[in-house]
Amino acid sequence: MSDKVRLVEVGPRDGLQNEPGLVPFAIKIALVERLADCGLRHIEAASFVSPKWVPQMADGHAVLTGIHRRPNVIYSALTPNLKGLEAALAAGVDQVAVFTAASESFCQHNINASIATSLARFAPLLALAKEQGIPVRGYVSTVLDCPYEGAITPEAAAQVASALYQMGCTEISLGDTLGTGTPKRVRALLSAVSQEVPLPQLAVHFHDTYGQALVNIYAALEQGIRIIDSSVAGLGGCPYAPGASGNVATEEVVYLLQGLGMLTRVNLDNLVQTGRWISQQLGRRNGSKVGLAWTK
Ligand SMILES: CC(C)(COP(=O)([O-])OP(=O)([O-])OC[C@H]1O[C@@H](n2cnc3c(N)ncnc32)[C@H](O)[C@@H]1OP(=O)([O-])[O-])[C@@H](O)C(=O)NCCC(=O)NCCSC(=O)C[C@@](C)(O)CC(=O)[O-]
């Protein structure tokens, strides 16, 4: 099994979608460019969702078309339906992500649809993406706990992950949306899901609400996971998961992985400066412990 880990930087999307105010697109573009300068090779840069639902992401076209694109970076976006994919394609996206949930109630609150309806909406999207040669990532939210239903079984999460994989998603990201998970439950989840989706196609997406994200990532690494989602400065939260804090900070994940010899090419010093810069731009406390402690 490979020792190398692939990071998916979700700060410009998952991070900024939850800011109370509208972040100017020039700042979003600068953030994406700075993250690419740090050596990050997959950046989720935008979302093509309804602006009535998430006004913070209404400028996806301006962001994606404004970036000075690097050939070795994947710029991706969230697309809940065919309309979203068409808009993302018009903006020149490299990859898209569909998103559903392991819990019916969260799915309803997040995308106004049942899990089955969400999957049905993805079918024409996946067909068009295939025709256009665009890979589609599938997110499963609330794989451990739901804010409305409580604990979710590993089997329920595995069933939704399996459906997305069978439909043609090239990679499935498992979202601990509330950040309540602990390693024992993460192991049980991954054991169940990896029976349905091959491990190299699985990513983990931890929020750090209870301070468990890094230890959960370590447990996932031990189980063979090699794709990790993270967000610079720990930006984020989810508008439909009350109380959820940001994603695990990319600085923390890079520090851990470099310590383990599993990631080399990201410049941590640049990343720390980028995390400090965006925290200052947003007028919020830096959510990265590494970002606060770094003195080099
Ligand atoms: C899915 C919908 C659109 C259904 O929303 P709906 O209201 O049921 O949709 P609709 O089809 O009835 O359309 C309503 C209006 O939205 C428009 N519309 C419809 N689709 C689009 C589109 N793609 N782009 C722009 N506009 C769109 C559509 O044209 C129409 O406009 P109107 O006629 O009223 O003027 C809505 O619920 C939505 O946009 N939800 C997005 C919620 C969201 O972005 N949540 C955060 C991302 S998920 C997340 O953060 C979790 C994750 C991935 O990080 C993992 C984890 O941590 O768990």
Side-chain angles (χ1 to χ4, degrees), residues 8-19 44-61 64 76-91 93 95-103 105-115 117-122 124-125 128-129 136-149 152 157 160-161 164 169 171-181 189 202-209 213 216 227-231 234-248:
V8 177
E9 169 60 46
V10 298
R13 192 283 301 172
D14 207 353
L16 300 184
Q17 75 181 9
N18 205 41
E19 277 303 302
E44 200 170 75
S47 220
F48 291 89
V49 299
S50 162
K52 289 179 191 150
W53 282 66
V54 186
Q56 293 90 334
M57 292 282 108
D59 52 6
H61 185 90
L64 272 178
S76 65
L78 228 57
T79 53
N81 51 23
L82 195 55
K83 186 179 170 104
L85 174 63
E86 284 164 352
L89 289 173
V93 78
Q95 193 178 118
V96 296
V98 294
F99 52 106
T100 184
S103 121
S105 316
F106 183 82
C107 200
Q108 202 66 50
H109 279 84
N110 194 33
I111 52 177
N112 204 22
S114 66
I115 298 170
T117 304
S118 72
L119 296 174
R121 279 182 192 162
F122 301 155
L125 185 160
L128 177 59
V136 181
R137 165 180 247 229
Y139 278 105
V140 186
S141 286
T142 58
V143 289
L144 293 168
D145 287 306
C146 164
Y148 315 101
E149 291 178 21
I152 300 298
V160 180
L164 289 171
C169 290
E171 177 175 308
I172 308 297
S173 175
L174 302 171
D176 178 15
T177 314
L178 297 192
T180 46
L189 169 75
L202 283 177
V204 288
H205 180 106
F206 289 112
H207 287 258
D208 202 29
T209 319
N216 286 337
I227 311 170
I228 297 172
D229 299 358
S230 62
S231 170
L235 297 177
C238 176
Y240 301 102
S245 79
N247 290 86
V248 63

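Here, residue 1 is the first one in the sequence, and each next residue gets the next number. One-based numbering, in listed order, for ligands and for the atoms of each. As a basis for the values below, the full set of heavy atoms in this structure was taken, side chains included, without hydrogen atoms, waters or symmetry mates.
The distance from atom CG of D229 to atom NE2 of H207, rounded to the nearest 0.5 Å, is 9.0 Å. Expressed to the nearest 0.5 Å, how far CG of L189 lies from CD1 of I152 amounts to 11.0 Å.
Of all the atoms in ligand 1, the ones that sit under 4.0 Å from a non-hydrogen atom of D14 are 50 (O), 54 (O). In the vicinity of H205, heavy-atom distances shorter than 4.0 Å reach the ligand 1 atoms 54 (O), 55 (C), 56 (C), 57 (O). Here is the list of ligand 1 atoms found below 4.0 Å of a heavy atom in G84: 23 (N). Per-residue contacts place L78 under 4.0 angstrom from the following atoms of ligand 1 (heavy atoms of the residue considered): 47 (C). Interface atoms of ligand 1 facing N112, defined by a heavy-atom separation under 4.0 Å, are 6 (P), 7 (O), 8 (O). For ligand 1, the atoms closer than 4.0 angstrom to any heavy atom of Q17 are 46 (C), 47 (C), 49 (C), 50 (O). Contact atoms of ligand 1 toward P51: 25 (C), 26 (N) (distance under 4.0 Å to a heavy atom of the residue). The N81 neighbourhood of ligand 1 comprises atoms 3 (C), 19 (C), 20 (N), 21 (C), 22 (C), 23 (N), with distances under 4.0 Å to a heavy atom of that residue.
Formation of a donor-acceptor pair under 3.5 Å by the T177 side chain with backbone atoms of T142 is found in this model.
Under 3.5 Å, the side chains of S231 and D14 contain no donor-acceptor pair of N or O atoms.
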_Run the side chain to side chain contact (heavy atoms under 4.5 Å, CB included) test on L16 and M57 for me, step by step, so that the C-alpha distance in whole Å, both residues' side-chain angles and the decisive distance to 0.1 Å come before the verdict._
CA-CA 8 Å; L16 300 184; M57 292 282 108; 4.0 Å; yes
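Between Y148 and H109, the angle of the ring planes stays under 30°, which puts this pair in the parallel group of the 30/60° scheme.
At a 4.0 Å heavy-atom cut-off, ligand 1 touches P80 through the side chain alone.
For E86, the side-chain contact (heavy atoms from CB on, under 4.5 Å) test picks out L82, L128, with sequence neighbours left out.
Taking all heavy atoms of R13, K83, R121 into account, the minimum distance to atom 52 (C) of ligand 1 is reached by R13. Closest to atom 40 (N) of ligand 1 by heavy atom, among N110, V140, D229, L82, is N110. Nearest to atom 5 (O) of ligand 1 by heavy atom, out of F206, F99, W53, F106, is W53.
Looking at Y139 next to ligand 1, no N or O pair under 3.5 Å apart turns up. For a threshold of 3.5 Å applied to N or O pairs, the pair formed by T177 and ligand 1 contains at least one separation below that value. Considering backbone and side-chain N/O atoms, V49 comes within less than 3.5 Å of an N/O atom of ligand 1.
For the pair R13 and F99, the cation-pi criterion (under 6.0 Å, within 45° of the ring axis) is not fulfilled.
Taking both residues in full, the closest heavy atoms of V8 and E171 are given as CG2-OE2, 4.3 Å, listed atom of the first, atom of the second, then distance. Looking at every heavy atom in both residues, S47 comes nearest to A77 through N-CB, 4.5 Å.
Heavy atoms of M57 come nearer than 4.0 angstrom to ligand 1 in no pair at all.
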